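Input: a single structure, listed below in structure tokens.
Read the numbers this way: they start at 1 and go in the same order the structure lists the ligands and their atoms. None of these values were measured; they are calculated from a predicted model.
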Amino acid sequence: MVSQTIPVEDFDLVIFGATGDLSRRKILPALYRRMHAGQMPKTVQIIGGARSDLDASGFRDFVRQSLDEFVDSALLEPELVDAFMQTIHYIKVDATGDEGWDLLSQMLRAEVIQAFYFSVGPALFAPLARRLLKYKIANGNARIVVEKPFGHDLVSARALNKELSGCFAEHQIYRIDHYLGKETVQNLMAVRFANALFEPLWNARHIDHVQITVSENLSVGGRGAYYDKSGAMRDMVQNHLMQLLCLTAMEPPSLYEANAVRDEKLKVIRALQPVPSKDVVRGQYSADDKGPSYLADVGDPKSTTESFIALKVHVGNWRWSGTPFYLRTGKRLRSRVSEIAVSFKDPPHSIFEDYERESHGNVLVIRLQPDEGITLWVTIKEPGPGGMRLTEVPLDMTFAEALGNDGEEMPDAYERLVMDVIRGNQTLFMRCDEVEAAWAWADPIIEGWETRRDKPKTYSPGSSGPEDSLMLLHRDGRRWREL
Ligand code: BG6
């Protein structure tokens, strides 16, 4: 199947924090890939803004290295790379001072779409927004893109929203959660709302429970200083896992349109019930021969920040009453797996009682990574003679196979999201009230363990987290899926 690429209009994109890690690993390679796909006009201007003493040619070297490292070499066609380099510019700009702003203003074209990507720490969001206004740099149609973390708690997120909304209208503010740009996450909406098959079963009457797992095998690596102030709850649950939960649990929006979708997600977040401490498990990885412990990684032997968290969550509404959502995420676990597993209830009466059966029931697994796809586990008769023996088999739809474009990779989340910014489509971006509601739910959970001075449990690297996390489900007569 050949994927359709709808070209976007001409634009100027300024990346603040252009020499940073996100820009190098994700944003610049994503832009190149979109040009390669023919989605981006060659007349665009990509302007790197940072504090470094670079000129355009120095920044182009940086961009070239980023492409060499993060773009498949088969896509690096010399002519196209040259054309891409022509679009690259650089400006030394001071986010908290006056240097560079007048010059930046002269570089931008008033007649094209303007986007400003704040790939910087949240402390610089407001200073940047104010300067765009003060120097009359952004036109009325300009968009700003802000990265997570969006605040540290409800108070700081509100303050940030207030600052930004003082400079830009909500329809101009794109709060990125890159999980929303993942192929399968959107497919979850397609599967739910474009098929008549699942929706009648998508409720507490038929669904026993849902497991949402985002497990990583890497450590916090060089990000210890940031991570130790956040932990898994702030780094992953309040945003990425929350978004997965919302898309799984939300009511059908009336339209696939930004505000209709976000209204429904917001209702889910607001329906989340407080989580008692017995339903929260936190962990920290220990050392092994492959790497240091969490405490050594962050350089603080007394840190009580979690590198793993598991929670049992209830959505208090008619659709989900009685169906728990179990969430877990962590670093240095057995494998890198992100998935949503929806476990259906057993049939009300089994006519196969007398026959051999070890059932896990029907499970719909929506896999974000690796091998993006959807699998439905169904029970069938084991083939061959020997009576009625039942077995479970996967009905598998691996997107790369089913929809693969002659081996071409699926676009990365950032490719999709940056193009959505240019198109002015906010469906896959978080609205201010969503972010605040997510913090309003997360804050009391965090305050709970801080007040109790709970210490995270230790877990072995390469395991599936602390023992207590297994108990969280075991208590309910359930089991986590294997990592
Ligand atoms: C980021 C977190 O938002 O998401 C990281 O800050 C995490 O800690 C990353 O590793 C996971 O993203 P992905 O796309 O690799 O699953």
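R270 places none of its side-chain heavy atoms less than 4.5 Å from the side chain of W441.
Each of L31, V120, L28 was scored for a side-chain contact (heavy atoms from CB on, under 4.5 Å) with S23, with one residue passing: L28.
By the criterion of a heavy-atom distance under 4.0 Å, the side chain of R336, and not its backbone, is placed next to ligand 1.
Between E216 and R336 there is no salt bridge, since none of the side-chain N atoms of the basic residue sits less than 4.0 Å from a carboxylate O of the acidic one.
Heavy-atom proximity to E216, at under 4.0 Å, picks out these atoms of ligand 1: 7 (C), 10 (O), 11 (C). With ligand atoms numbered from 1 in the order given, ligand 1 contributes 1 (C), 3 (O), 4 (O) to contacts under 4.0 Å with heavy atoms of H240. Residue contact check: K331 has heavy atoms under 4.0 Å from atoms 5 (C), 7 (C), 8 (O), 10 (O) of ligand 1. For ligand 1, the atoms sitting less than 4.0 Å from at least one non-hydrogen atom of K148 are 1 (C), 2 (C), 3 (O), 6 (O), numbered in the order shown with element in parentheses. The atoms of ligand 1 that sit less than 4.0 Å from any heavy atom of Q369 are 13 (P), 16 (O).
Cation-pi check for R175 over F150 is met; the charged atom lies under 6.0 angstrom from the ring centroid and within 45 degrees of its normal.
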Exercise for the section: Begin with the C-alpha distance, continue with both residues' side-chain angles, and end with the deciding distance and a verdict on ring-ring contact (aromatic ring centres under 6.0 Å, His included) for F308 and Y285. Expected result: CA-CA 8 Å; F308 173 96; Y285 56 82; over 10 Å; no

In a table with atom names and distances, give each donor-acceptor pair under 3.5 Å that connects a side chain of residues 240-251 to protein atoms at least two apart or in another chain.
from, atom 1, to, atom 2, distance (Å)
H240, ND1, D177, OD1, 2.7
H240, ND1, D177, OD2, 3.3
Q243, OE1, K265, NZ, 2.7
Q243, NE2, E434, OE2, 3.1
T248, OG1, L244, O, 2.7
E251, OE1, R319, NE, 3.4
E251, OE1, R319, NH2, 2.9
E251, OE2, R319, NE, 2.8

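Looking only at heavy atoms of the protein, atom 14 (O) of ligand 1 is closest to K182 NZ, 2.6 Å. Nearest protein neighbour of atom 12 (O) of ligand 1, counting heavy atoms only, is H178 NE2, 3.1 Å. With hydrogens left out, the protein atom closest to atom 16 (O) of ligand 1 is Y179 OH, 2.4 Å, a heavy atom.
For the pair D235 and ligand 1, the shortest N or O to N or O distance falls below 3.5 Å.
No hydrogens or angles considered: a donor-acceptor pair under 3.5 Å links the side chains of S338 and Q369.
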